[in-house]
Amino acid sequence: MNINALIEEAKSARERAYVPYSKFKVGAALLMRDGKVFKGCNIENASYGMTNCAERTALFKAYSEGETEVEAIAVVADTDRPVPPCGACRQVISELCSKDTKVILTNLKGDIQQLTVEELLPGAFTAEDMNE
Ligand SMILES: O=c1ccn([C@H]2C[C@H](O)[C@@H](CO)O2)c(=O)[nH]1
Ligand SMILES: [Zn+2]
């Protein structure tokens, strides 16, 4: 699957966003190294802090199905610039993907920014930092 097809998967995931509060729909799609695709949307809650972002929904779906090898993640929203993942998602992506996993940020206008996980959160805190 190419990058444009993965972006289309992210757009279709975005349509399922549950966003009664922000009305801001986000979609994410993961391409696994075995070719499978996992999609996620943001899911909000009246207790706002319980909101799960699209990126984390997709990653948790994949991991909970035993799929952990992520080749690429695409994220889309109706933003002026390619949608920037929040800090929490950058941390989770850093832990659950590889440093070289492709991160494809885009918007409905078709702007695309491609970077690596390492570039998304340089110097991320990891389990190794807890070793003495
Ligand atoms: O990269 C992002 C940024 C924001 N959101 C969601 C969280 C919330 O539902 C809404 C507004 O922050 O957008 C995502 O899902 N991913
Ligand atoms: Zn987030």
Side-chain angles (χ1 to χ4, degrees):
M1 169 171 290
N2 65 29
I3 281 170
N4 286 328
L6 191 65
I7 289 171
E8 290 306 313
E9 297 281 359
K11 285 184 190 168
S12 78
R14 179 176 170 275
E15 292 307 315
R16 297 221 163 114
Y18 173 73
V19 289
Y21 309 104
S22 76
K23 319 272 195 231
F24 183 71
K25 296 190 275 186
V26 185
L30 306 179
L31 176 62
M32 311 309 287
R33 295 201 196 272
D34 66 6
K36 284 191 189 144
V37 172
F38 287 88
K39 305 198 289 187
C41 58
N42 50 334
I43 301 172
E44 299 185 342
N45 192 276
S47 178
Y48 294 171
M50 298 296 100
T51 293
N52 211 65
C53 293
E55 301 92 317
R56 283 177 287 140
T57 301
L59 278 166
F60 295 161
K61 283 176 65 180
Y63 265 70
S64 63
E65 295 297 326
E67 291 274 345
T68 60
E69 300 297 317
V70 188
E71 185 173 321
I73 174 170
V75 191
V76 66
D78 189 10
T79 39
D80 194 43
R81 57 176 176 166
V83 61
C86 78
C89 287
R90 287 174 200 242
Q91 179 68 27
V92 171
I93 290 168
S94 296
E95 176 133 358
L96 300 186
C97 298
S98 315
K99 279 189 171 173
D100 68 346
T101 296
K102 297 181 195 78
V103 179
I104 300 142
L105 308 177
T106 186
N107 58 18
L108 294 184
K109 294 185 294 175
D111 300 317
I112 298 176
Q113 181 187 6
Q114 186 173 330
L115 58 172
T116 65
V117 165
E118 171 68 5
E119 290 164 340
L120 187 69
L121 185 58
F125 176 70
T126 70
E128 275 109 70
D129 293 304
M130 290 187 285
N131 296 335
E132 290 179 39

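Just so it is clear, the model here is predicted, and its values are computed rather than measured. All ligand and atom numbering here is 1-based and tracks the order in the structure.
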Looking at R16, I want to see if its CZ is surrounded by more than 12 non-hydrogen atoms of other residues, nucleotides or ligands under 6.0 Å.
no
To the closest 0.5 Å, what do you measure between CG (L31) and NZ (K102)?
8.0 Å
Distance in Å, I93 CD1 paired with S98 OG, rounded so as to fall on 0.5 Å steps
12.5 Å
Taking the side chain as every heavy atom from C-beta outward, state whether R14 and D78 have any pair of such atoms under 4.5 Å apart.
yes
Non-hydrogen atoms of C89 and R56 that approach each other most closely:
SG-NE, 3.3 Å
Enter the distance from D111:CG to T79:OG1 here, rounded to the nearest 0.5 Å.
8.0 Å
Could you please compute the angle at the Zn ion (ligand 2) from SG of C89 to SG of C53, rounded to 10°?
110°
How would you list, by chain and number, the residues with a heavy atom under 4.0 angstrom from ligand 1?
S22, F24, V26, N42, E44, T51, C53, A54, E55, P84, P85, C86
